[in-house]
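Just below is one structure, and these are the notes that go with it.
Order of appearance sets the numbers: ligands from 1, and atoms from 1 within every ligand. Everything numeric in this text was worked out from a predicted model, so none of it was measured.
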Amino acid sequence: MNRLAILAFALVYLSGATSGALAQAGPRWANEVLYFVLLDRFADGDGTNNARVERRNPGGYHGGDLKGLTAQLDELADLGISAIWINPVQKQMAQGMYAQAPGKLGVPDFIHWGFHGYWIDDFETIEPQFGTRDDLKNFVDAAHARGIKVLLDVVYNHSGYNSPYKSRTTPGGEPWMRLGEGNCEVDPVTCAVGGLPDFRTEVPEVRKYLLDANIGLAKYAGVDGFRLDTYKHVESDFWREHRQRTRGEITQDFFLLAEHWGGTASSLDEFFARDEVDAGFDFSFKGSCEGFVMNRGRAVAFGSYLGKRHKIRPGYVVAHYLSSHDEPMSLANVGKDKDKFRICVAVQMTSLGMPVIYYGEEVARGGSEWPLNRNDMPWGKRNILPGKGVARDEDLRDYYKRLIQLRKAHPALTQGDYQLLTGPQDPGLAYVRHEARSKDSVLVIANRGDTPLTVGHVLPATWAGNAMTDIENKETVALTDGRFELTVTPKSARIFLPATRKAF
Ligand SMILES: [Ca+2]
Ligand SMILES: [Ca+2]
């Protein structure tokens, strides 16, 4: 390594450091906590763009916009998140679609609009309901001023159902879109996802148009990366060109997070091997943790799954969430039991990868399945529409805050290895995260049962000292020959640090 390279290495290393006690390193974005916002459902900061608002329609616009999100950035900075992912912002379908609501939810059928951003009618214009190009730029600047990165959701695979692109052709007469149904099981690239018109991204003119539009918008607004929608439905060759262009035209470290439906740390590897993206979603975290707290399967099985997530190609990241706009709210899935939900929050925030918080989840937003998994951000007594008057759980938010602080302060949680202590017949979950360079260790124990559980294990030799302290109630437990034994109250998780270490 020559002197310049050493200097560059040192700068990269320092830029990864946080305000916590110990420096953080590792792959880019490996230390981030990402917060996902559906703009329309978050905060209405501009009443002049509410032409289509119908707040009682679960599929209608509710009035949230870029200005509203910008105005609430202090709320998110206070929560401790370090990056925000916003839904696609381009102009949506001019009409709504008739939608049949799931009968069991008691919701009548409704007209479904593109309030979520995934039904684009015009890639060169911002959806007026969300705001303007300047609103987007102002939002990004305001986020950056608080040290928060911005990930913009972009779509390359499809347009809205009745977009003008359906009748567009190249000068040679080639259509821009495939309008047949196709079969996503047979060929995910050429099928119509959700019946949506499929861009013929293999046609150079189409490819250039979409890349120019999204990359141009990113450059203008200064976003730090893209979340790539419907990744598996666009060909690999496209993603190679996409990587080259984002690196060449935006920045070398422009971050790419792929939504490859069903992805796991191992199944995403082929995309990491080709370096098409930096990260992908781990779709199995949610269901695995919900299954664990709902007493499905043995604790060791969940613990082993968490270990498998570490078999990720060095330099790449998996993002793990509990709820999303495409899946039921996790709190509903665990029977609205907040104690069980908190166990999953503790595991999420102490696991390798990039935790993603779906807006409002941190204040126990209600809702269950679609379309109620996209309901309004709860604002309680604050005068913020559309979720004004919707109850918030501030205690849960404080719990998130403490865990995010803990995560930021401990490289063991973001970079460390993983040792499962749970044996085949143990009812409780217990694991240690350890990062060698900083000698940082964190122990996590969870009791999913309805009765108190005594848990005892020998800690790894890397554990510093002969005692450990609970980060919440500060109880110190002495080790005997490296072994601890303690009781965990029903349906709770406990997190311990070496007694010599400070939590934050
Ligand atoms: Ca508005
Ligand atoms: Ca496609």
Side-chain angles (χ1 to χ4, degrees), residues 37-55 57 60-72 86-89 91-92 113-120 123 126-132 134-136 138-139 154-161 163 165-166 168 174-207 209-211 214 228-242 258-261 271 276 376-377 379 383-388:
V37 171
L38 287 182
L39 288 166
D40 179 67
R41 302 307 167 90
F42 196 72
D44 186 357
D46 186 352
T48 67
N49 59 19
N50 288 358
R52 286 187 182 149
V53 167
E54 32 171 19
R55 294 205 167 101
N57 174 1
Y61 285 98
H62 289 191
D65 47 40
L66 287 158
K67 274 188 180 160
L69 175 59
T70 308
Q72 301 312 326
I86 56 170
N87 63 257
V89 294
K91 193 162 183 292
Q92 299 296 301
W113 293 78
F115 72 88
H116 41 71
Y118 297 97
W119 291 346
I120 297 170
F123 281 80
I126 303 293
E127 167 56 47
Q129 294 282 142
F130 302 148
T132 64
D134 283 348
D135 291 346
L136 177 63
N138 291 338
F139 159 66
V154 290
V155 185
Y156 289 103
N157 178 63
H158 57 265
S159 70
Y161 284 99
S163 79
Y165 300 111
K166 285 172 78 173
R168 205 176 275 195
E174 269 190 291
W176 273 38
M177 311 211 80
R178 271 178 287 270
L179 303 177
E181 283 293 304
N183 183 339
C184 288
E185 299 295 318
V186 176
D187 183 359
V189 169
T190 60
C191 70
V193 178
L196 291 158
D198 190 54
F199 276 114
R200 297 179 66 214
T201 37
E202 71 279 12
V203 175
E205 182 179 292
V206 177
R207 185 178 286 201
Y209 174 84
L210 294 170
L211 286 167
N214 285 333
L228 304 169
D229 188 60
T230 43
Y231 188 81
K232 73 163 71 163
H233 301 289
V234 178
E235 64 276 17
S236 179
D237 174 57
F238 177 94
W239 296 123
R240 227 177 354 257
E241 184 173 342
H242 183 257
E259 182 223 17
H260 191 276
W261 187 263
F271 312 109
E276 294 173 4
D376 299 334
M377 173 70 187
W379 289 110
N383 189 22
I384 302 166
L385 290 170
K388 178 183 170 181

Subject >> Under 3.0 Å: N/O/S of N49 next to the Ca ion (ligand 1) >> reply: yes
Original post:
At the Ca ion (ligand 2), what is the angle formed between atom OD1 of D198 and atom O of H233, rounded to the nearest 10°?
Top reply: 150°
Original post:
Considering all heavy atoms of both residues, which atom of N383 and which atom of K388 are nearest to each other, and what is their separation?
Top reply: OD1-NZ, 3.0 Å
**OP:** State whether the side chain of E235 and the backbone N or O of E202 hold a donor-acceptor pair below 3.5 Å, judged by distance alone.
**Re:** yes
Original post:
Measuring to the Ca ion (ligand 2), does T201 have an N/O/S atom at a distance below 3.0 Å?
Top reply: no
Original post:
Where the side chain of H62 meets the backbone of D40, is there a donor-acceptor pair that is under 3.5 Å apart?
Top reply: no
Original post:
With a cut-off of 3.0 Å, does any N, O or S atom of P188 fall short of it relative to the Ca ion (ligand 2)?
Top reply: no
Original post:
Roughly, to 10 degrees, what angle do D44 atom OD1 and D65 atom OD2 form around the Ca ion (ligand 1)?
Top reply: 80°
Original post:
Would one find an N, O or S atom of G63, in either backbone or side chain, under 3.0 Å from the Ca ion (ligand 1)?
Top reply: yes
**OP:** Check all N, O or S atoms of D46 and name the one closest to the Ca ion (ligand 1).
**Re:** O
Original post:
Roughly, to 10 degrees, what angle do V189 atom O and N157 atom OD1 form around the Ca ion (ligand 2)?
Top reply: 150°
Subject >> Verdict with reasoning, Y231 to F271, per ring-ring contact (aromatic ring centres under 6.0 Å, His included) >> reply: CA-CA 10 Å; Y231 188 81; F271 312 109; 5.3 Å; yes
**OP:** Check whether any side-chain N or O of W119 sits under 3.5 Å from a backbone N or O of W113 as a donor-acceptor pair, and report yes or no.
**Re:** no
Original post:
Near the Ca ion (ligand 1), is there an N/O/S atom from T48 that is less than 3.0 Å away?
Top reply: no
Original post:
Does the N157 side chain pair with the main chain of T230, one donor and one acceptor, at a distance under 3.5 Å?
Top reply: no
Original post:
Counting backbone and side chain alike, does H158 bring an N/O/S atom below 3.0 Å of the Ca ion (ligand 2)?
Top reply: no
Original post:
Of all heavy-atom pairs between D65 and D44, which one has the smallest distance, and what is that distance?
Top reply: OD2-OD1, 3.2 Å
Original post:
Can you tell me if E235 has an N, O or S atom under 3.0 Å away from the Ca ion (ligand 2)?
Top reply: no
Subject >> Atom pair CZ/CZ of F115 and F130 - distance to nearest 0.5 Å >> reply: 9.0 Å
